S.K.: 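Shown below is the structure under consideration.
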Amino acid sequence: MSGPSGDLELAEGLAREAGRLLSARYGEPVEGLRSKSSGTDMVSEADNEAERAVARGLASARPDDGVLGEEGTSSGGSSGRRWIVDPLDGTTNFLYGIPAWSVSIALEDGQGLLVAVVHSPCLNETYTAERGAGCRLNGAAVRVRPPAPLSAALVATGFAYGADQRAAQVETLRRVLPRVRDVRRAGSAALDLAWVAAGRLDGYWEMGISPWDWAGGALLVTEAGGAIRVLDGDPPGLLAATPALMEPLAGLVAG
Ligand code: LIP
């Protein structure tokens, strides 16, 4: 049971409901496909249906809270609390049938991130965290990896949908790749961050991701003993790492 308010249970229940809706469409012919910021930034009826379901659940259970959703849900609320929802993180993977996509739901209050759920139906994995109460994978406590030198670090990144941004991102990759064990590019920021929290990655960075991509995963990482840093840029980015790796990786990414 989460805190007195049951916020974490609510978030997990809504993430699972969205996951069921998405799983029913996964692998089926895509409906309502259209592009957003670029020709490769796709959204489908599956994204929108999942966000509508989460938004309905939040409006019913937490009518005074604000909501920010990737596919357009936006309300200010009056409670000083805000839910941040990515109904389908890893949209391209979902559309191509690649089993690396997730539902990310986070709640923030005046002190920062409060609860988080990253739910991966394909992998049958649900990550949860509550401020001050640790991070769990399917109910079992998880921690970030032990300290490792940069040369032994397995790190992940991602790339923007815009060609100009990607050209700049490849320069960062050019600096990082020779200096670390290896680089992974899974296609879902929420899963990348969850995997840092669960000790499957030593670090992750990405420029230009949106709050709904990283809010849930950021709390997973810090509650699992990791560190999070916003990276300056336009738009800004995010870096997540074990405490020992934060400075070396931040220096390498910054160039
Ligand atoms: C995705 C991010 C990922 C990034 C992709 C895409 P989406 O979010 O989670 O880290 O590399 O380009 O932005 O669009 O699937 O919700």
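None of the values given here were measured: they were computed from a predicted structure. Just follow the structure's listing: the first ligand is 1, and inside any ligand the first atom is 1.
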S.K.: Assess Leu88 for proximity to ligand 1: is some non-hydrogen atom of it under 4.0 Å away?
M.R.: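 Leu88 counts as a contact of ligand 1 under the 4.0 Å cut-off.
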S.K.: Using a plain distance cutoff, I'd like to know if Ala160 has any nitrogen or oxygen under 3.5 Å from a nitrogen or oxygen of ligand 1.
M.R.: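 Min N/O separation from ligand 1 is not below 3.5 Å for Ala160.
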S.K.: At less than 4.0 angstrom from any non-hydrogen atom of Arg185, what atoms of ligand 1 do you find?
M.R.: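 Answer for ligand 1: 4 (C), 5 (C), 11 (O), 12 (O).
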S.K.: Under 3.5 Å between any N/O of Thr92 and any N/O of ligand 1: does that happen in this structure?
M.R.: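 Not met; the criterion fails.
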S.K.: Less than 4.5 Å apart, side chain to side chain, heavy atoms only: is that true for Leu191 and Ser120?
M.R.: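 Result yes, sub-4.5 Å side-chain heavy-atom pair found.
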S.K.: For ligand 1, which atoms sit closer than 4.0 Å to a heavy atom of Asp213?
M.R.: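 Numbered from 1, ligand 1 contributes 8 (O), 9 (O), 16 (O).
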S.K.: Is any side-chain heavy atom of Leu193 closer than 4.5 Å to a side-chain heavy atom of Val118?
M.R.: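 No, side chains not in contact.
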S.K.: Against heavy atoms of Glu70, which atoms of ligand 1 measure under 4.0 Å?
M.R.: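 Taking each heavy atom of Glu70 in turn, ligand 1 has 14 (O), 16 (O) under 4.0 Å.
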S.K.: Distance only, no hydrogens: is a donor on one side chain within 3.5 Å (strictly under) of an acceptor on the other, for Asp47 and Thr91?
M.R.: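 Yes, a side-chain donor-acceptor pair sits under 3.5 Å.
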S.K.: Taking the minimum heavy-atom distance to atom 3 (C) of ligand 1, which of Gly158, Ala189, Ser37 ranks first?
M.R.: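 Shortest heavy-atom distance from atom 3 (C) of ligand 1: Ala189.
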S.K.: Do other residues, nucleotides or ligands put more than 12 heavy atoms under 6.0 Å from Arg179 CZ?
M.R.: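 Check fails, neighbour count at 12 or below.
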S.K.: Could you tell me whether Glu171 and Arg174 have a side-chain N and a carboxylate O separated by less than 4.0 Å?
M.R.: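 Between Arg174 and Glu171 there is a salt bridge, with a charged N closer than 4.0 Å to a carboxylate O.
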S.K.: Where does the angle between the aromatic ring planes of Phe94 and Tyr26 fall among parallel (under 30°), tilted (30 to 60°) and perpendicular (over 60°)?
M.R.: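 Rings of Phe94 and Tyr26: tilted, 30 to 60°.
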S.K.: With atoms numbered from 1 as shown, which atoms in ligand 1 lie under 4.0 angstrom from a non-hydrogen atom of Asp89?
M.R.: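 What qualifies from ligand 1 is 1 (C), 2 (C), 7 (P), 8 (O), 9 (O), 15 (O), 16 (O).
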S.K.: Hey, are Asp7 and Arg81 close enough for a salt bridge, meaning a charged N less than 4.0 Å from a carboxylate O?
M.R.: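 Yes, this pair counts.
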S.K.: Using the rule side chain to side chain contact (heavy atoms under 4.5 Å, CB included), only one of Leu68, Val54, Leu10 pairs with Trp83; which is it?
M.R.: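 Considering Leu68, Val54, Leu10, a side chain to side chain contact (heavy atoms under 4.5 Å, CB included) with Trp83 is found only for Leu10.
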S.K.: I need the atoms of ligand 1 closer than 4.0 Å to a non-hydrogen atom of Glu206, numbered in the order shown.
M.R.: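 Ligand 1 atoms under the 4.0 Å threshold to Glu206: 3 (C), 4 (C), 10 (O), 11 (O).
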S.K.: For atom 12 (O) of ligand 1, what is the nearest protein heavy atom, given as residue, atom name and distance?
M.R.: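 Answer for atom 12 (O) of ligand 1: Phe159 O, 2.8 Å.
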S.K.: Return the option from Phe94, Tyr161, Trp212 holding the heavy atom at the smallest distance from atom 14 (O) of ligand 1.
M.R.: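 Ranked by closest heavy atom to atom 14 (O) of ligand 1, first place is Tyr161.
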